[in-house]
There are 2 protein chains.
Amino acid sequence: MTESTAKKPSRIQLRNRKRIMDAALDVFSQHGYRGATLDQIADAAGMSKPNLIYYFDGKEAIHVALLNALMEKWLAPLAEMGPEGEPLEEMLGYIRRKMEMSRAYPRESRLFANEILQGAPRMRPHLESRLKPLFDEKSALVRGWMDQGRLARSDPAQLILTIWAITQHYADFDAQVRVLVPGEAEGWTAANAHVEAMFRNLLTPKDTGS
Amino acid sequence: MTESTAKKPSRIQLRNRKRIMDAALDVFSQHGYRGATLDQIADAAGMSKPNLIYYFDGKEAIHVALLNALMEKWLAPLAEMGPEGEPLEEMLGYIRRKMEMSRAYPRESRLFANEILQGAPRMRPHLESRLKPLFDEKSALVRGWMDQGRLARSDPAQLILTIWAITQHYADFDAQVRVLVPGEAEGWTAANAHVEAMFRNLLTPKDTGS
DNA sequence: CGCGTTTTTTACCATTTGGTAAAGGCACGA
DNA sequence: TCGTGCCTTTACCAAATGGTAAAAAACGCG
């Protein structure tokens with residue numbers, strides 16, 4: 001609808017839009033929305049500031065475009081968790097994917113963290129329309145597993161929040177983690193091992209006898 | 001040393017410094033360092049911008065003063081955990097205090113979160129000199145408990161990181177939590193219950209038979 | 001090539017923002 | 001009550017920042 005009259009973008013347009021988005025991800029994730037400047041983004045993208053504006057309507061438009069583009073990627077790990085497999089393995093798989101996201105895409109994680117920290121001014125609609133339904137769906141799935149006794153019982157919503165908190169912590173608070181836990185590369189393997197063991201422990205159903 | 005030649009501050013000075021710090025906490029925690037403006041802080045403190053500068057050397061000085069003042073309060077819950085009591089109760093007490101901090105002082109939590117997110121540019125010295133030693137000390141304490149079999153074994157450092165991740169999440173990502181988990185006041189009781197049960201579960205030593 | 005279209009640059013601009021200068025107000029002890 | 005030193009305000013300012021106008025350059029296609 002929004003694009004009904006838009007012509008199809010040229011190769012240059014596509015390439016430059018991507019360059020801008022990548023540069024903006026760098027800058028926004030490092031300095032936050034207000035801390036980022038168009039000049040910084042332009043520099044990082046290797047083009048002039050007015051040239052940025054030629055491709056995007058303005059600073060806010062770039063930010064919103066980033067947020068929109070990232071939302072799907074960000075939800076994917078949770079979306080993939082389905083009722084087909086063994087509950088414990090489905091959950092652990094989800095947790096592993098989430099850890100991998102934090103490791104591989106820390107900029108994206110920090111971009112979201114910045115946005116949420118400031119009250120999600122530009123993302124609340126997305127949270128309500130995309131995140132909430134998925135969250136509710138998966139909460140119900142987990143509750144079902146618990147009801148069947150295939151997963152240790154707890155509050156599914158709180159459980160998912162807990163998973164997010166821990167996995168994202170490694171990306172968002174990287175600066176702190178690095179100070180406290182020396183060793184760069186090994187840091188992740190230790191973190192992965194701990195998180196996996198922890199949730200395996202928590203999620204494995206207790207044999208209730210009978 | 002720094003204050004060797006300073007006169008003792010008057011009553012007005014004390015009062016206004018407090019007003020400024022409180023206002024600055026509001027503004028910085030909501031918008032981040034660069035997102036905050038002196039005008040906003042001045043408004044919130046009910047005084048003029050040059051008057052701010054009369055009491056503090058500038059924007060950065062206010063931010064640093066805030067960070068310094070907050071550090072002690074922030075470390076207190078962990079500092080209080082000592083070797084006297086029963087390990088499980090000591091840990092759960094710590095976790096409860098940390099949750100209470102997030103509930104009672106979300107602005108402080110977000111201020112730190114903002115700072116760490118951006119790489120702790122103004123706080124890294126503090127992290128190294130104050131946080132790291134405490135972290136190492138308490139990690140060792142926890143490891144000792146585990147070695148004695150009085151706490152379930154895991155990586156102490158990762159365990160503490162995990163506690164921070166979860167407890168701070170409720171303050172820092174409040175905007176998201178609110179969208180996902182309806183109910184304001186009850187939210188905290190559900191969160192408290194979940195976190196306590198979770199860590200009790202994790203920390204209780206498994207009877208290894210004999 | 002020739003020419004319309006897309007892309008990029010140069011030169012600006014208005015607003016915001018951190019900060020200053022200096023005069024005025026105010027409190028309070030002698 | 002008068003002056004002295006602490007506090008506050010008014011009037012500014014230079015730099016930074018988001019954004020625009022319009023000319024110049026590059027592209028691509030018949």
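The sequence lines fix the lettering, A, B, ..., with proteins before strands; numbering per chain opens at 1.
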Practice item. Could you go through the side chain to side chain donor-acceptor pair (under 3.5 Å) check for A/Y170 and B/Q158 one step at a time? Key: CA-CA 10 Å; A/Y170 287 102; B/Q158 297 289 332; 2.5 Å; yes

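- A/F28 places its CZ atom 13 Å from the P atom of D/dT17, with the value rounded to the nearest Å.
- Under the ring pair (Phe, Tyr, Trp, His ring centres under 6.0 Å) criterion, B/W145 pairs with no residue, sequence neighbours left out.
- One atom, CZ of A/R19, and another, C1' of C/dT7, lie 12 Å apart when rounded to the nearest Å.
- Within residues 54-68 of chain A, the residues approached by DNA chain D to less than 4.0 Å at the level of any non-hydrogen atom are A/G58, A/K59, in residue-number order.
- Atom CD1 of B/I20 is separated from atom P of C/dG18 by 15 Å (rounded to the nearest Å).
- In this view, B/R96 and B/E89, B/E196 satisfy the salt bridge (Lys or Arg N to Asp or Glu O under 4.0 Å) rule, not counting sequence neighbours.
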Please tabulate, one pair per line, each protein N/O and nucleotide N/O from nucleotides 23-27 of chain C that are separated by under 3.5 Å, including the distance.
none

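- Distance OH (B/Y33) to P (C/dT17): 14 Å, rounded to an integer number of Å.
- Regarding B/L38, its CG atom lies at a distance of 14 Å from the C1' atom of D/dA16, rounded to whole Å.
- In this structure, A/K138 contributes its side chain and A/M81 its backbone to a donor-acceptor pair below 3.5 Å.
- Aromatic ring centroids of A/F112 and A/W164 lie 6.0 Å or more apart.
- The side chain of A/N16 places an N or O atom within less than 4.0 Å of a non-bridging phosphate oxygen (OP1 or OP2) of C/dT8.
- When the salt bridge (Lys or Arg N to Asp or Glu O under 4.0 Å) test is applied to B/K18, no partner is found at least two apart in sequence or on another chain.
- Contact annotation: B/N51 side-chain N/O to D/dC7 OP1/OP2 distance is not under 4.0 Å.
- Residues satisfying the side-chain contact (heavy atoms from CB on, under 4.5 Å) test with A/A24, not counting sequence neighbours, are A/F28, A/I41, A/I62, A/L66.
- Taking B/R153 as the reference, B/M146, B/D147 meet the side-chain contact (heavy atoms from CB on, under 4.5 Å) condition, with sequence neighbours excluded.
- Within the structure, side-chain hydrogen bond (donor to acceptor under 3.5 Å, both in side chains) contacts touching residues 112-121 of chain A (residues at least two apart or in different chains) do not occur.
- Under 4.0 angstrom from either OP1 or OP2 of D/dC7 there lies at least one side-chain N or O belonging to B/Q13.
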**Study point:** Working for salt bridge (Lys or Arg N to Asp or Glu O under 4.0 Å), residues B/E100 and B/R97
**Key:** CA-CA 5 Å; B/E100 178 57 17; B/R97 290 192 295 276; over 6 Å; no

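- Among A/H126, A/R130, A/H63, the one residue that satisfies the side chain to side chain donor-acceptor pair (under 3.5 Å) test with A/N68 is A/H126.
- For the helix from C/dC1-D/dG30 to C/dA30-D/dT1, the angle separating the two terminal helix axes comes to 0°, with each axis derived from five pairs and the value rounded to 10°.
- Note on A/A36: only backbone sugar-phosphate atoms sit closer than 4.0 angstrom, heavy atoms only; bases stay farther off.
- Each side-chain hydrogen bond (donor to acceptor under 3.5 Å, both in side chains) pair with one or both residues in residues 41-53 of chain A, not counting sequence neighbours, would appear here, but there are none.
- Scored by the side-chain contact (heavy atoms from CB on, under 4.5 Å) test, B/R107 finds B/D22, B/L25, B/D26, B/S29 as partners (sequence neighbours excluded).
- Rounded to whole Å, atom P of D/dA15 lies 16 Å from atom CG of A/D39.
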Considering only nitrogen or oxygen atoms on both sides, find all protein atoms under 3.5 Å from nucleotides 10-16 of chain C and state each distance.
none

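- Minimum atom distance to the side chain of A/I53 is reached by D/dT20, of the listed D/dT20, C/dT8, D/dT17.
- We find that NE2 of A/H31 is positioned 12 Å from P of D/dG18, with the value rounded to whole Å.
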